[in-house]
There are 2 protein chains.
Amino acid sequence: MNSLEEVEDFVRNGHRHYLPHLSIDPVIFGYHDQQLKILLLNWKGLNGWGLPGGFIQRREPLSQAAHRILQERTGLENVFLQQFHTFGDSPYRLQERNPREFFEKYGVDMGEDNWLFERTLSVGYFALVDYSKVNVRTDFFTQNYQWCDVKEIPSLLFDHNEAVDKALATLRLQIYHQPIGYKLLPEKFTLPEIHTLYETILGKELDPRNFAKKLVALGLIKKLAEQRAIGPHRSPYLYQFEKETYEDALKQGIVHTY
Amino acid sequence: MNSLEEVEDFVRNGHRHYLPHLSIDPVIFGYHDQQLKILLLNWKGLNGWGLPGGFIQRREPLSQAAHRILQERTGLENVFLQQFHTFGDSPYRLQERNPREFFEKYGVDMGEDNWLFERTLSVGYFALVDYSKVNVRTDFFTQNYQWCDVKEIPSLLFDHNEAVDKALATLRLQIYHQPIGYKLLPEKFTLPEIHTLYETILGKELDPRNFAKKLVALGLIKKLAEQRAIGPHRSPYLYQFEKETYEDALKQGIVHTY
DNA sequence: GCAAAAGTGTTTTATATACACCCATGA
DNA sequence: TCATGGGTGTATATAAAACACTTTTGC
């Protein structure tokens, strides 16, 4: 949806393809440079940052819609994606859109009987993605993007700060029950890498000896024979996740600390 | 919505008051007779059991809608109510309604352009209620109800078995992080009562000595001077929740086992 | 006094935490 | 050889689990 014609068609005829009153706004977590980041888009017209988002097709399963939207925005498929909350309480989620304002900002006339006019609830999903594989695609409404450190999230449009906060809280709770790291790290990784990832997600320091002990004791990761050369320092060993144990832990959950 | 006239008005004019495509289906847990039960309604016409449910008013906050629906169905206010999942994947949630079938079952003509015709996603909430205070109100569609032991849930209408399973799983996970018992027990209760409640929710035996030790050590409950007479046996002491500790635990969460 | 349910303490085991030194590498 | 980051083991403290007998009550 990049040209004005496409947007006009979307506004006028979108109701034939999409469900009104409902959107999906994914919080996309990527890990890079020892920082946990989320993908933000800059809204043209509104002049602010927000989450990427999209609508649900009329005959499309909800989770499939979430995957499609993510694919459209980032090019990624087979991503870890988890529903965490449906938002319908904040003032923004009660609000009808203002057709005049919409016209002024985007030059598209949306009448009061338009499918986009009324309030829209949002189903929140969060995704864990390999930062390096993401190809962000912007559109008519959103012309810039940034990966923003979760420690420095600015004031966002709509109710998106609430969504980000809740996604983070859910991620931090999940990490105690599920082996989250898998999707945020490359296939082979070093102990310091996964260690820093967990510290970053939880926002606190973890003893490196106890941490390694725990992951290995749980059988979640295994040491490989290979090492990685990292400049003028000792070469760390590479590890990878144990697929079977990992899948079990995903299904059955684990209870422990790090 | 008890008379045919009311139903006809709801079918024809409901779109003015309610959001289409979205419903709320609460899983209502009650505890009675040492059993964890959920409230099921019998659908007239469909001849099967399902969860109570309702629609969201056009300008009503989502969580307020959940409370209202619960109030309408059970008469209860100020109930512990928690959103746990939004359902939009199962074949039923993709399906359009069949107007002919609807006419045959209920005698109300719903055309293909009716607001109820298209697919409806469902926001799942679960409630914890004091069984003894519930006053179930049935309506035109639902003429009987039952409190059904969670161990004996029959095959339900729509995708409601999925909702019940997920609500139960969420409740069992929550019990490790939050002091769930408060809303399912009367103000004053005995140790054996809360002990059996936790065993019932978790579906496994808990050592009574360790269990009591834990709850008291966490400061969640306190022993009162009173005892309850229970026939030809030793009188158990009464306990009650410590409100401050309880509120803290609700907010900050607790990590432990029972 | 008997049947039924309530109450309680200690020991063992497992898990979590705290802590410090040596090693490998490239410049 | 030095600066930097990687790697590893043990001892202590805390928490969980296992376990059995005595008390109270009404009949």
Side-chain angles (χ1 to χ4, degrees), chain A residues 33-35 175-177 179 181 185-186 188-200 202 204-240 245 249 253-258, chain B residues 33-34 172 175-177 179 181 185-186 188-200 202-240 245 249 252-258:
Chain A
D33 211 10
Q34 310 203 339
Q35 294 177 318
I175 208 174
Y176 288 111
H177 296 286
L185 291 169
K188 295 175 183 179
F189 51 87
T190 67
L191 270 190
E193 282 170 349
I194 192 172
H195 177 233
T196 311
L197 170 64
Y198 274 68
E199 286 191 332
T200 307
L202 289 172
K204 66 180 184 192
E205 294 196 351
L206 303 169
D207 183 292
R209 287 160 291 192
N210 296 336
F211 178 76
K213 224 186 301 171
K214 186 105 195 191
L215 283 187
V216 173
L218 286 167
L220 281 174
I221 61 173
K222 69 164 177 244
K223 192 187 205 171
L224 304 175
E226 307 166 61
Q227 290 171 284
R228 171 183 296 165
I230 53 154
H233 309 299
R234 178 169 180 176
S235 312
Y237 285 93
L238 289 172
Y239 284 75
Q240 65 184 26
T245 324
I254 37 183
V255 178
H256 61 109
T257 61
Y258 283 103
Chain B
D33 211 9
Q34 309 201 340
R172 285 183 174 143
I175 207 175
Y176 288 111
H177 297 286
L185 291 169
K188 296 175 184 180
F189 51 86
T190 67
L191 268 190
E193 281 169 351
I194 191 171
H195 176 233
T196 311
L197 169 64
Y198 274 69
E199 286 191 332
T200 307
L202 290 171
K204 67 180 182 191
E205 293 196 352
L206 302 168
D207 184 292
R209 287 161 290 190
N210 295 337
F211 179 76
K213 225 185 301 170
K214 185 107 196 191
L215 283 187
V216 173
L218 285 168
L220 281 174
I221 61 174
K222 68 165 178 247
K223 194 186 204 169
L224 303 175
E226 308 166 60
Q227 291 172 284
R228 172 182 296 165
I230 52 156
H233 310 299
R234 180 170 179 175
S235 311
Y237 284 92
L238 290 172
Y239 285 74
Q240 65 183 27
T245 323
Q252 298 171 25
I254 35 182
V255 178
H256 61 111
T257 61
Y258 284 101

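We name chains A, B, ... by the order of the sequence lines, and we start the count at 1 in each one.
Judged as a ring-ring contact (aromatic ring centres under 6.0 Å, His included), and not counting sequence neighbours, the contacts of A:Phe189 are A:Phe241. Under the salt bridge (charged side-chain N to carboxylate O under 4.0 Å, His left out) criterion, B:Arg172 pairs with no residue at all, not counting sequence neighbours. B:Ile230 is linked by a side chain to side chain contact (heavy atoms under 4.5 Å, CB included) to B:Arg228, B:His233, B:Pro236, counting only residues two or more places apart in sequence or in another chain. Checked against side chain to side chain contact (heavy atoms under 4.5 Å, CB included), B:Gln240 has the following partners two or more places apart in sequence or in another chain: B:Glu187, B:Lys188, B:Lys222, B:Leu224. The side chain to side chain contact (heavy atoms under 4.5 Å, CB included) check on B:Leu218 picks up B:Lys214, B:Leu220, B:His256, with sequence neighbours excluded.
No donor-acceptor distance shorter than 3.5 angstrom exists from the side chain of A:Asp33 to the backbone of A:Gln35, with no hydrogens or angles considered. The closest donor-acceptor contact from the side chain of A:His195 to the backbone of A:Ala212 lies at 3.5 Å or more, if one exists at all. Under the 3.5 Å distance criterion, the side-chain polar atoms of A:Ser235 are left unmatched by any main-chain donor or acceptor of A:Gln227.
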Strictly under 4.0 angstrom, non-hydrogen atoms only: write out the protein contact profile of nucleotides 17-27 of chain C, one letter per nucleotide from the 5' end, B, S or -. BBBB--BBBS-
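Between B:Phe189 atom CZ and C:dA6 atom P the separation is 15 Å, expressed in whole Å. Rounded to whole Å, atom C1' of C:dG9 lies 18 Å from atom CZ of B:Phe211.
Counting 5' to 3', DNA chain D first comes under 4.0 angstrom of a heavy atom of chain B and last does so at the ends given by D:dA16 to D:dG26.
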